[in-house]
Amino acid sequence: SQTIHQWPATLVQPVGSPLSLECTVEGTSNPNLYWYRQAAGRGLQLLFYSVGIGQISSEVPQNLSASRPQDRQFILSSKKLLLSDSGFYLCAWDPILNYGYTFGSGTRLTVV
Amino acid sequence: AQTVTQSQPEMSVQEAETVTLSCTYDTSESDYYLFWYKQPPSRQMILVIRQEAYKQQNATENRFSVNFQKAAKSFSLKISDSQLGDAAMYFCAYMKTSYDKVIFGPGTSLSVIP
């Protein structure tokens, strides 16, 4: 079966520390993958998307970066976190053409 | 650029009653897809319903239905027989073409009053 996994679920990190969030998809190959951020009480902002290994498109210039080292793995990173990086991060993919996204369970990141 | 607007930040409905959430969007495309997503307190995003722009018939999924007005670029969600479990944030979303990026509206927070 096709599933998407995202971890960790919750993360509290100090300002200036590095970040690594991971997302993996099972049961498919060459999926399109997306990273969204949701600030408190607000909508979803697309951060990065990837159509294949090593192919990353950035939507918003910021303190974050993304990588796709394997076909079904999508990683969101930062070298030095800022307070403004706090939020809820969601990974998504589109398992069926034109049927919208399936989302991971999200990571709640608090930068202190 | 495409945009999605939800003019109702918060709404409430009595249990068993009907509520309609509004959404408008801006696009110059003729073919596209529209979605409503639900985000309950668990924050898991759940696809509620989808509409293909080239289909005139409004989509329906059990108690959820949409009123798609292409000329007006309006896509409202009607929830009938509201249940406590319907309390959530609802996001309207737009996608231009296959495998294109999905653009989300700011969301409407729905409360269900027992």
Side-chain angles (χ1 to χ4, degrees), chain A residues 2-11 23 25 28-52 55-60 66 74 86-110, chain B residues 1-10 21 23-25 29 31-55 59 61 64 66 75 77 88-111:
Chain A
Q2 297 174 329
T3 56
I4 180 169
H5 301 280
Q6 188 180 341
W7 68 92
T10 304
L11 196 58
C23 172
V25 180
T28 188
S29 61
N30 197 31
N32 286 2
L33 297 169
Y34 308 86
W35 277 112
Y36 280 85
R37 176 169 61 195
Q38 185 179 25
R42 302 183 66 179
L44 280 74
Q45 178 188 40
L46 178 63
L47 302 176
F48 301 95
Y49 67 96
S50 173
V51 299
Q55 301 180 62
I56 308 294
S57 296
S58 174
E59 288 292 303
V60 183
F74 201 22
S86 293
F88 190 64
Y89 290 82
L90 286 156
C91 181
W93 73 298
D94 37 11
I96 304 174
L97 184 64
N98 299 332
Y99 268 71
Y101 295 164
T102 294
F103 285 85
S105 54
T107 296
R108 187 187 307 273
L109 171 66
T110 303
Chain B
Q2 293 87 5
T3 58
V4 179
T5 302
Q6 294 177 252
S7 59
Q8 307 151 315
E10 297 179 355
L21 308 183
C23 172
T24 58
Y25 57 93
E29 305 293 329
D31 288 334
Y32 49 87
Y33 304 87
L34 297 165
F35 310 91
W36 278 98
Y37 280 87
K38 170 184 178 181
Q39 187 181 41
S42 68
R43 303 198 78 171
Q44 174 70 56
M45 292 286 287
I46 302 165
L47 179 63
V48 175
I49 199 166
R50 66 184 287 275
Q51 175 79 41
E52 300 168 11
Y54 63 87
K55 289 188 176 180
E61 290 287 342
F64 298 87
V66 297
F75 183 60
L77 175 70
M89 195 76 157
Y90 286 83
F91 293 97
C92 179
Y94 164 96
M95 182 175 75
K96 182 171 69 174
T97 59
S98 308
Y99 292 127
D100 199 4
K101 304 178 289 294
V102 175
I103 299 169
F104 289 84
T108 296
S109 178
L110 177 67
S111 301

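Just so it is clear, the structure is predicted and the values come from calculations on it, not from any experiment. Within every chain, numbering begins at 1; the chains are lettered A, B, ... in the order of the sequence lines, protein sequences first and strands thereafter.
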Q: Would you give the length of the straight line joining atom CD of A:Q45 to atom CD1 of B:I103, rounded to the nearest 0.5 angstrom?
A: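 Between A:Q45 CD and B:I103 CD1, I get 12.5 Å after rounding to 0.5 Å.
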Q: How long is the gap from CD1 on B:I46 to CZ on A:F103, to the nearest 0.5 Å?
A: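 Separation between the atoms: 11.5 Å.
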Q: Let me confirm one number: the CG-CD distance from A:L90 to B:Q44, rounded to the nearest 0.5 Å.
A: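 The CG atom of A:L90 sits 8.0 Å away from the CD atom of B:Q44.
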Q: Supply the atom-to-atom distance A:S105 OG to B:R43 CZ, rounded to the nearest 0.5 angstrom.
A: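 Between atom OG of A:S105 and atom CZ of B:R43 there are 12.0 Å.
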Q: Find out whether A:Q38 and B:F91 are in side-chain contact, i.e. whether some heavy atom of one side chain is under 4.5 Å from a heavy atom of the other.
A: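 Side-chain contact under 4.5 Å: yes.
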Q: Just wondering, do A:Y34 and B:V102 contact through their side chains at under 4.5 Å, heavy atoms?
A: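 Contact flag for B:V102/A:Y34 side chains = no.
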Q: State which residues pass side chain to side chain contact (heavy atoms under 4.5 Å, CB included) with B:E61; sequence neighbours excluded, sorted by chain then number.
A: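 If we apply the side chain to side chain contact (heavy atoms under 4.5 Å, CB included) test to B:E61, skipping adjacent residues, the hits are B:I49.
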Q: I want to check something: taking the side chain as every heavy atom from C-beta on, are B:Q39 and A:F88 in contact at a cut-off of under 4.5 Å?
A: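 Yes - at least one pair of side-chain heavy atoms lies under 4.5 Å apart.
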Q: Relative to chain B, which segment of A:L44 carries a heavy atom at a distance below 4.5 Å: side chain, backbone, both, or neither?
A: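 It is both, since atoms from each part get that close.
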Q: Please rank A:S57, A:G106, A:G104, A:A92 by heavy-atom pairs under 4.5 Å with chain B and give me the top one.
A: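 The option with the most such pairs is A:G104.
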Q: Look at the aromatic rings of B:F104 and A:Y101 and report parallel, tilted or perpendicular, splitting at 30° and 60°.
A: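 It falls in the tilted class, 30° to 60°.
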